[in-house]
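The block underneath contains the structure these notes are about, expressed in structure tokens.
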There are 2 protein chains.
Amino acid sequence: MNTRSPSLALSTKDRLIRSAATLFRTRGYHGVGLNDLLADAKAPKGSLYHHFPNGKSDLALAAATWASDEMLRLIAVSFADAPTFKSGATTLCHKLAKLFDLSGKWDGCPIAATLFEGPDNADFRACAQRLYDGWIAEVHDHADRFGLAPDIADHQARHLFVLIQGGWLLARARRSSDVLRALPDLIAEA
Amino acid sequence: MNTRSPSLALSTKDRLIRSAATLFRTRGYHGVGLNDLLADAKAPKGSLYHHFPNGKSDLALAAATWASDEMLRLIAVSFADAPTFKSGATTLCHKLAKLFDLSGKWDGCPIAATLFEGPDNADFRACAQRLYDGWIAEVHDHADRFGLAPDIADHQARHLFVLIQGGWLLARARRSSDVLRALPDLIAEA
DNA sequence: GCAGAGCTGGACCGGACGGTCCAGTCACAC
DNA sequence: GTGTGACTGGACCGTCCGGTCCAGCTCTGC
């Protein structure tokens with residue numbers, strides 16, 4: 001059983017979403033069976049199909065969206081009290097590194113693992129693009145707030161996104177969060 | 001059937017490796033069934049287990065290694081005639097963008113898709129790390145060749161790797177190779 | 001021509017997969 | 001108390017999974 005199984009205090013639907021997000025993130029959409037998932041969420045099959053009529057794929061979309069919202073919150077708190085854009089970006093990378101260590105150094109990006117390895121499905125692709133663009137937009141807003149010129153803000157937001165995704169991958173391969181912590185050094189001074 | 005199915009002129013073993021590399025890259029390890037794979041490679045099940053006694057997992061390791069060697073060649077030709085490091089990096093990004101377009105704008109990194117989404121297996125993880133470090137080392141050698149100081153070369157090689165991986169992901173989500181072509185602009189002048 | 005290794009073709013297997021279905025339970029309105 | 005709708009528990013289903021096995025077909029060396 002997953003050691004990060006959601007608490008029974010949560011509703012069945014929330015437990016399903018959280019279990020799905022956690023399991024898909026580490027093993028990918030096709031790597032997680034319905035039985036594993038149901039056991040982790042401590043929910044029977046009937047509940048899954050009650051809350052998510054289309055079964056596994058509906059649940060995956062919900063799990064990816066939930067995980068994306070968590071990421072948006074992480075971005076928001078990282079930049080909230082930062083004196084500069086770069087300082088906020090650094091905080092974000094360090095927070096991600098910490099989460100990566102806590103997760104057992106194997107979690108990947110929840111959206112990529114859930115939606116890219118899923119069925120060859122237009123809904124999945126559209127959802128992934130929408131969620132990723134949400135992350136970039138969130139960073140962009142903070143860049144604006146620090147007074148960066150629009151083209152610079154655009155550049156920085158995209159750069160940070162690409163660095164984090166690439167760094168996440170390398171961190172996973174090396175099973176070390178050091179890569180994530182070193183990312184801010186790669187950003188040019190704004 | 002995969003439109004990029006390997007030619008029958010190749011040996012059965014090579015056809016298996018190429019089919020596996022192509023299919024895993026787009027659908028992930030667990031997303032490809034043995035029957036799909038065998039149909040694409042036009043090989044019977046007996047041949048697979050003759051050439052790869054451990055079946056799917058052996059084949060995945062071989063496919064990832066083959067795909068990684070292709071990438072090393074791509075890096076080598078991109079930097080071979082380049083006047084500067086940055087020019088070589090730009091050529092590499094453009095070549096990747098072209099391949100991405102040819103693939104149907106959905107291919108991911110062959111190593112991540114094959115080994116990260118595979119079984120929770122120490123061999124897979126070790127192989128992924130080894131292959132990625134091979135890519136970084138190859139870029140590092142070229143950086144050396146252009147006379148970059150060791151710490152700068154290290155920095156640049158890691159940066160290029162992270163950019164390409166992150167860019168690849170965003171290109172996939174947006175189904176556009178523009179992201180890959182824009183990557184060189186994100187590298188600081190060395 | 002013959003022996004034997006290397007390789008192929010495909011039937012077959014047990015189990016796990018995602019999905020369906022419905023009786024049972026519960027909280028709550030009336 | 002009774003009716004109602006939301007939710008749960010789990011038996012059950014057909015399909016496809018990865019994997020096994022072996023008969024038979026080459027190809028090669030002699």
Side-chain angles (χ1 to χ4, degrees), chain A residues 1-2 5-21 23-24 26-64 113-115 117-121 123-124, chain B residues 1-2 5-21 23-24 26-64 113-115 117-121 123-124:
Chain A
M1 196 214 294
N2 169 17
S5 300
S7 151
L8 279 171
L10 269 49
S11 74
T12 302
K13 187 173 184 179
D14 283 341
R15 289 203 313 279
L16 283 167
I17 289 176
R18 292 181 195 215
S19 284
L23 293 178
F24 287 154
T26 57
R27 291 195 253 152
Y29 181 85
H30 290 294
V32 181
L34 243 30
N35 293 332
D36 295 345
L37 213 158
L38 263 7
D40 188 73
K42 294 180 187 61
K45 215 167 258 192
S47 304
L48 169 61
Y49 283 88
H50 173 76
H51 295 292
F52 303 97
N54 290 324
K56 198 182 184 185
S57 55
D58 268 9
L59 177 56
L61 259 9
T114 307
L115 301 181
E117 311 302 334
D120 194 357
N121 175 326
D123 286 349
F124 274 41
Chain B
M1 191 214 296
N2 167 19
S5 301
S7 152
L8 279 170
L10 269 50
S11 73
T12 301
K13 187 173 182 179
D14 283 341
R15 288 204 313 278
L16 283 168
I17 289 176
R18 290 181 195 214
S19 284
L23 293 178
F24 287 154
T26 57
R27 290 196 255 152
Y29 181 85
H30 289 295
V32 181
L34 243 30
N35 292 334
D36 295 345
L37 213 158
L38 263 7
D40 188 73
K42 295 180 185 60
K45 214 166 257 193
S47 304
L48 169 62
Y49 283 88
H50 173 77
H51 293 294
F52 303 98
N54 290 324
K56 197 182 184 184
S57 56
D58 268 11
L59 177 56
L61 259 9
T114 307
L115 302 181
E117 311 301 333
D120 194 358
N121 174 328
D123 286 350
F124 273 41

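Since we're looking at a predicted model, the values are computed, not measured. Chain A is the first sequence line, chain B the second, and so forth, proteins listed ahead of strands; every chain is numbered from 1.
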Shortest non-hydrogen contact between [X] and [Y], atoms and distance:
{"X": "A:Ala20", "Y": "A:Ala63", "answer": "CB-CB, 3.8 Å"}
{"X": "B:Thr12", "Y": "B:Ser47", "answer": "CG2-CB, 3.8 Å"}
{"X": "A:Leu59", "Y": "A:Leu48", "answer": "CD2-CD1, 3.8 Å"}

When you check the phosphate oxygens OP1 and OP2 of C:dG18, does a side-chain N or O of A:Asn35 lie under 4.0 Å from one of them?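 False: A:Asn35 side-chain N/O out of range (4.0 Å or more) of C:dG18 OP1/OP2.
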Indicate whether OP1 or OP2 belonging to D:dT8 is found under 4.0 Å from a side-chain N or O atom of A:Thr12.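 Looking at the OP1 and OP2 atoms of D:dT8, one of them is under 4.0 Å from a side-chain N or O of A:Thr12.
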When the distance from [atom1] of [X] to [atom2] of [N] is rounded to whole Å, what number comes out?
{"X": "B:Asp14", "N": "C:dT8", "atom1": "CG", "atom2": "C1'", "answer": "16 Å"}
{"X": "B:Leu34", "N": "D:dC16", "atom1": "CG", "atom2": "P", "answer": "15 Å"}
{"X": "A:Leu48", "N": "C:dG19", "atom1": "CG", "atom2": "P", "answer": "8 Å"}
{"X": "B:His30", "N": "C:dG18", "atom1": "NE2", "atom2": "C1'", "answer": "16 Å"}
{"X": "B:Asn121", "N": "D:dG18", "atom1": "CG", "atom2": "P", "answer": "16 Å"}
{"X": "B:Leu23", "N": "D:dC17", "atom1": "CG", "atom2": "P", "answer": "13 Å"}
{"X": "A:Tyr29", "N": "C:dC17", "atom1": "OH", "atom2": "C1'", "answer": "12 Å"}
{"X": "A:Leu38", "N": "C:dC17", "atom1": "CG", "atom2": "C1'", "answer": "13 Å"}

Of the residues in residues 49-59 of chain B, which ones touch DNA chain C at a heavy-atom distance under 4.0 Å? B:His50, B:His51
Can you sort out the partners of B:Phe52 under ring pair (Phe, Tyr, Trp, His ring centres under 6.0 Å), two or more places apart, ordered by chain and number? none
If the condition is ring pair (Phe, Tyr, Trp, His ring centres under 6.0 Å), which residues does A:Tyr49 pass it with, not counting sequence neighbours? none
Counting C-beta onward and ignoring hydrogens, is there a side-chain heavy-atom pair between A:Asn54 and A:Leu61 closer than 4.5 Å? no
Can any side-chain N or O of [X] pair as donor or acceptor with the backbone N or O of [Y] at less than 3.5 Å?
{"X": "B:Thr26", "Y": "B:Leu23", "answer": "yes"}
{"X": "A:Arg15", "Y": "A:Ala43", "answer": "no"}
{"X": "B:His30", "Y": "B:Glu117", "answer": "yes"}
{"X": "A:Lys56", "Y": "A:Val32", "answer": "yes"}

With nearest nucleotides of DNA chain D determined for A:Ala43 and B:Asp36 from heavy-atom distances, which residue corresponds to the more 5′ nucleotide?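 With A:Ala43 and B:Asp36 compared, the 5'-side residue is A:Ala43.
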To 10°, what angle do the rotation axes through the five end pairs on each side of the helix from C:dG1-D:dC30 to C:dC30-D:dG1 form?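 Inter-axis angle at the termini of the helix from C:dG1-D:dC30 to C:dC30-D:dG1: 0°.
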Rounded at 0.5 Å granularity, tell me how far NZ in B:Lys42 sits from CG in B:Leu10. 11.5 Å
Quick one: pull up NE2 in A:His51 and CG in A:Asp14 and give me the separation to the nearest 0.5 Å. 9.0 Å
Among residues at least two apart in sequence or on other chains, which ones pass side chain to side chain contact (heavy atoms under 4.5 Å, CB included) with A:Ala60? A:Phe24, A:Tyr29, A:Thr114, A:Phe124
Output one line per pair: protein atom, nucleotide atom from nucleotides 22-28 of chain D, and distance, for all N/O pairs under 3.5 Å.
none

Checking A:Asp58 now: which residues fulfil salt bridge (Lys or Arg N to Asp or Glu O under 4.0 Å) with it, not counting sequence neighbours?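 Listed in chain order: nothing, the list is empty.
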Please identify each residue that fulfils salt bridge (Lys or Arg N to Asp or Glu O under 4.0 Å) with A:Asp36, with sequence neighbours left out.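 Salt bridge (Lys or Arg N to Asp or Glu O under 4.0 Å) check on A:Asp36 returns A:Arg27.
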Can you name the atoms? Protein N/O to nucleotides 23-26 of chain C N/O, anything below 3.5 Å, with the distance.
none

Give me the distances for all protein-to-nucleotides 11-14 of chain D N/O pairs that come in under 3.5 Å?
none

Partners meeting side chain to side chain donor-acceptor pair (under 3.5 Å) with A:Asn121 (sequence neighbours left out): none
